[in-house]
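Step one of this worksheet: look at the structure below.
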Amino acid sequence: MENFNPNRYAVIHEKNPREIVMLRGQGCSWRRCRFCDYHLDSSADKTANFNLNREQLLKVTGIYHKLEVINSGSFVDLDEPTLSLIEKVCEMYRINQVHFECHWKHRDAIADFRKRFRACGIELKIKTGVETFDALFRESYLDKGIDTDKPQEIAEYFDEVCLLFGIPGQTVESMEQDIRIGLSNFERVCVNIMQENLRPIKPDPRVIALFTEKLYPKYIEDSRVDILMENTAFGVGGVVEHAE
């Protein structure tokens, strides 16, 4: 893989307008998902991570008073100086809502973070990658690491969910059921179309074509559904290489 610095800051003007930063931490501590190599964007060097994160956070302007913060792991994996800087930037630019991502395994840490940010006048919206609500498919094939088959239980911790479509074995019916369950239990749904990477599960062009024909037109105007046909559709991301 070539060395490439992914874009790490962008502004989303459509559907829930907000700024977005792609930060770097120690990486996902699960690292077992058979479809994801996102953890390659990580480093054990906390100082280097903070310097990179500070550079991106200083680009924030507060234009929409909302900020989404993503990284290759859960937000709890970010270093403390980065978390403190997020708070300071939000205070400086009157940002009152921050969207974070988090793996199911860290769900018990979320309440304390909500309380911490609430004390600064910041509401947290926490998103998790459930990929599909078909628990057997999700855990036996994707190895996602979510030990419940109840969407309502997931919703006790998380406000938003990511779904992954374009996987071999999915159908129009299964994908639409996932969207409906997501909308019934969560505030927002983000549909990600599978992109080929270094992991063993590869995207199925036939499934992607079915989604594009049957479901994309149906949900693209839904204000609660984000659809990312490419993983850089929010303006951040790209090819990354592990940083030691």
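All heavy atoms count here, side chains included; hydrogens, waters and symmetry mates do not.
- Applying the 6.0 Å contact sphere to CD of E14 captures no more than 12 heavy atoms from other residues, nucleotides or ligands.
- Using bins of under 30°, 30° to 60° and over 60° for the plane-to-plane angle, the ring pair F133/F186 lands in the parallel bin.
- Counting only heavy atoms from C-beta outward, the side chains of S174 and T132 never approach each other to under 4.5 Å.
- In this structure, I63 is not a member of the same hydrophobic cluster as F234, with clusters built from ILVMFWY side-chain heavy atoms closer than 4.5 Å.
- For K214, the NZ atom counts as loosely surrounded, since its 6.0 Å shell holds 12 or fewer non-hydrogen atoms of other residues, nucleotides or ligands.
- No donor-acceptor distance shorter than 3.5 angstrom exists from the side chain of R138 to the backbone of K144, with no hydrogens or angles considered.
- Crowding of K15 atom NZ: a count of heavy atoms from other residues, nucleotides or ligands under 6.0 Å exceeding 12.
- Side-chain atoms of L215 and V172, non-hydrogen and from C-beta on, do get closer than 4.5 Å to each other.
- Taking 4.5 Å as the limit, every side-chain heavy atom of F75 sits out of range of all side-chain heavy atoms of V69.
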Run the numbers on V21 and I86 for side-chain contact (heavy atoms from CB on, under 4.5 Å), then give the verdict.
-> CA-CA 10 Å; V21 287; I86 292 170; over 6 Å; no
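- A salt bridge links R8 to D41: at least one charged side-chain nitrogen sits closer than 4.0 Å to a carboxylate oxygen.
- When hydrophobic clusters are built by joining Ile, Leu, Val, Met, Phe, Trp and Tyr residues whose side-chain heavy atoms come closer than 4.5 Å, directly or via intermediates, M22 is not grouped with F50.
- Between the side chain of N7 and the backbone N or O of G235, at least one donor-acceptor pair lies under 3.5 Å.
- Other members of the hydrophobic cluster containing I201, listed by chain and number, are F35, F137, Y141, L142, L164, I167, M194; membership follows side-chain contacts under 4.5 Å among ILVMFWY residues, whether direct or relayed.
- Within the 4.5 Å cutoff, no side-chain heavy atoms of Y157 are placed close to those of I126.
- Salt-bridge formation is detected for the pair E80/R116: a Lys NZ or Arg NE/NH1/NH2 atom is positioned less than 4.0 Å from an Asp or Glu carboxylate oxygen.
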Worked check of side-chain contact (heavy atoms from CB on, under 4.5 Å) between F100 and V76 | CA-CA 9 Å; F100 279 132; V76 301; over 6 Å; no
Check the pair I110, F158 against side-chain contact (heavy atoms from CB on, under 4.5 Å), reporting the backbone distance first and the verdict last.
-> CA-CA 9 Å; I110 292 174; F158 299 96; 3.5 Å; yes
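- Between atom CD1 of residue I20 and atom NZ of residue K66 there is a gap of 13.5 Å, rounded to the nearest 0.5 Å.
- Within 6.0 Å of the CD atom in E91, the count of heavy atoms belonging to other residues, nucleotides or ligands does not exceed 12.
- Taking the side chain as every heavy atom from C-beta outward, I154 and N185 never approach each other to under 4.5 Å.
- Using a 4.5 Å cut-off on side-chain heavy atoms (C-beta onward), D79 and N53 make contact.
- Using modelled atom types, one finds no donor on one side chain facing an acceptor on the other under 3.5 Å when comparing W30 with D143.
- If you chain together hydrophobic residues whose side chains sit under 4.5 Å apart, V236 and L52 never meet in one group.
- Salt-bridge annotation for E123 and K125: present, with a side-chain N of the basic residue lying under 4.0 Å from a carboxylate O of the acidic one.
- D226 has no carboxylate O lying under 4.0 Å from a charged side-chain N of K127, or vice versa, which leaves the two without a salt bridge.
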Does the pair D77 and H106 meet the rule for a side-chain contact (heavy atoms from CB on, under 4.5 Å), with working shown?
-> CA-CA 10 Å; D77 298 323; H106 300 298; 4.1 Å; yes
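- Under the 4.5 Å side-chain criterion, counting only non-hydrogen atoms from C-beta, D222 is not in contact with V189.
- The only member of Q97, R18, H99 that meets side chain to side chain donor-acceptor pair (under 3.5 Å) when paired with E68 is R18.
- For the pair E139/D149, no side-chain contact is recorded, criterion being any heavy-atom separation below 4.5 Å from C-beta on.
- No side-chain donor-acceptor contact under 3.5 Å links Q177 to the backbone of E173.
- Taking all atoms of both residues into account, the shortest heavy-atom contact from C28 to S72 is CB-O, 3.4 Å.
- No more than 12 heavy atoms of other residues, nucleotides or ligands sit less than 6.0 Å from atom CZ of R206.
- Of the listed residues (E19, Q56, K59), just one forms a side chain to side chain donor-acceptor pair (under 3.5 Å) with Y9, and that residue is E19.
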